[in-house]
Amino acid sequence: MTRLRTPTHGWFITIEGPEGAGKTTQAVALARHLERSGLDVHLTREPGGTWLGERIREVILARTDADATTDPLTDALLFSAARRQLVSEVIRPALAVGQTILCVRFADSTLAYQGYGAGIPLAQLRDLERAATDGLRPDLTILLDLPIEDGLARKAPEEVTRFEAEFDLAFHRRVRAGFLDLAESEPDRFVVVDASEPAEQVAAAAAAALDRLIG
Ligand code: TMP
């Protein structure tokens with residue numbers, strides 16, 4: 001899996017997975033691991049990572065009235081808008097000066113949630129992805145996988161977003177299966193890590209995947 005990189009182009013690594021997989025905790029551990037390898041790491045997240053992206057995050061994840069529903073394509077457009085801003089303002093400039101970007105969630109989340117979960121055709125979402133990213137794709141995606149019930153049970157009440165509150169277990173099961181399907185279709189980019197293991201074990205497996213990438 002080792003790929004050549006010129007010193008002026010950094011690695012682009014994403015961390016994906018269903019709810020409660022421990023993505024943020026693992027991202028912090030992985031950032032430290034990469035820094036120990038001598039890389040200059042910028043840790044960011046989606047939706048968010050820019051002033052505008054964090055505002056979009058507040059709006060899109062806020063719990064709404066029980067009878068207020070959001071059209072799934074509206075969600076996809078908002079996530080894509082936040083993504084476009086993050087790519088143009090943060091990710092591309094950082095990669096261009098050799099920084100490594102570690103991003104919690106990216107375009108695979110839109111395919112999994114708005115595509116496999118909410119039923120928008122994947123081809124339509126891939127068009128949106130291209131508009132948001134101009135074709136930039138991660139070098140490596142770590143998929144933290146675990147059973148939906150386990151992940152949702154890990155969430156504290158104050159962490160529950162509109163997505164956990166509004167969508168049922170069947171939706172989240174489709175999301176998980178969607179991520180696994182995406183991983184299977186791109187085995188060179190994805191590494192699937194069992195996130196139901198203790199955090200240290202998950203961190204070690206994810207770090208080993210990164211080491212194989214950066215050589
Ligand atoms: P998180 O930061 O706790 O993972 O919350 C982000 C939520 O937004 C999570 O429920 C997944 C959802 N999401 C989508 O539905 N589509 C997307 O493209 C992204 C980035 C996130």
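In listed order, ligands and their atoms are each counted from 1. Every value quoted in this text rests on a predicted model; they were computed, and no experiment measured them.
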Is it the side chain, the backbone, both or neither of [X] that has a heavy atom closer than 4.0 Å to ligand 1?
X    : result
R57  : side chain
Q114 : side chain
T24  : neither
K155 : side chain
R83  : side chain

**Prompt:** Between F171 and Y113, what is the ring plane arrangement, given parallel below 30°, perpendicular above 60°, and tilted in between?
**Reply:**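 Aromatic pair F171/Y113 classed tilted.
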**Request:** For the pair D75 and R162, evaluate side-chain contact (heavy atoms from CB on, under 4.5 Å) and give the outcome as yes or no after the intermediate values.
**Result:** CA-CA 11 Å; D75 281 337; R162 181 164 64 83; 2.7 Å; yes
**Item:** Per-atom contacts of ligand 1 with T110, taking only distances under 4.0 Å to non-hydrogen atoms
**Value:**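 Those atoms are 17 (C), 18 (O).
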**Message:** Does atom CD (E159) have a neighbourhood of more than 12 heavy atoms from anything else shown, all under 6.0 Å?
**Reply:**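 Yes, enclosed.
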Nearest non-hydrogen protein atom, [atom]:
atom                    : value
atom 4 (O) of ligand 1  : R105 NE, 2.6 Å
atom 9 (C) of ligand 1  : E19 OE2, 3.5 Å
atom 13 (N) of ligand 1 : F79 CZ, 3.3 Å

**Request:** Provide the full list of ring-ring contact (aromatic ring centres under 6.0 Å, His included) pairs with a residue in residues 73-101, sequence neighbours left out, each pair given once.
**Result:**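 Sorted pair list: F79-F163.
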**Request:** Please determine if E164 has a nitrogen or oxygen closer than 3.5 Å to a nitrogen or oxygen of ligand 1.
**Result:**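 Such a contact does not occur with ligand 1.
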**Request:** Mind checking side-chain hydrogen bond (donor to acceptor under 3.5 Å, both in side chains) for Q85 and listing every partner two or more places apart, or none if nothing turns up?
**Result:**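 side-chain hydrogen bond (donor to acceptor under 3.5 Å, both in side chains) list for Q85, sorted by chain: E89.
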**Prompt:** Between R83 and G53, is there a donor-acceptor pair closer than 3.5 Å when you use the side chain of the first and the backbone of the second?
**Reply:**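 Checked: no pair found.
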**Asked** Would you say R154's side chain and G20's backbone share a donor-acceptor pair under 3.5 angstrom?
**Response**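 Checked: pair present.
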**Message:** Side-chain heavy atoms nearer than 4.5 Å, only ILVMFWY residues, links allowed to pass through others: does that put L73 and V175 together?
**Reply:**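 As far as the 4.5 Å side-chain criterion goes, V175 and L73 are connected within one cluster.
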**Message:** Regarding atom 7 (C) of ligand 1: of the candidates L61, L128, L111, which has the closest heavy atom?
**Reply:**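 That would be L61.
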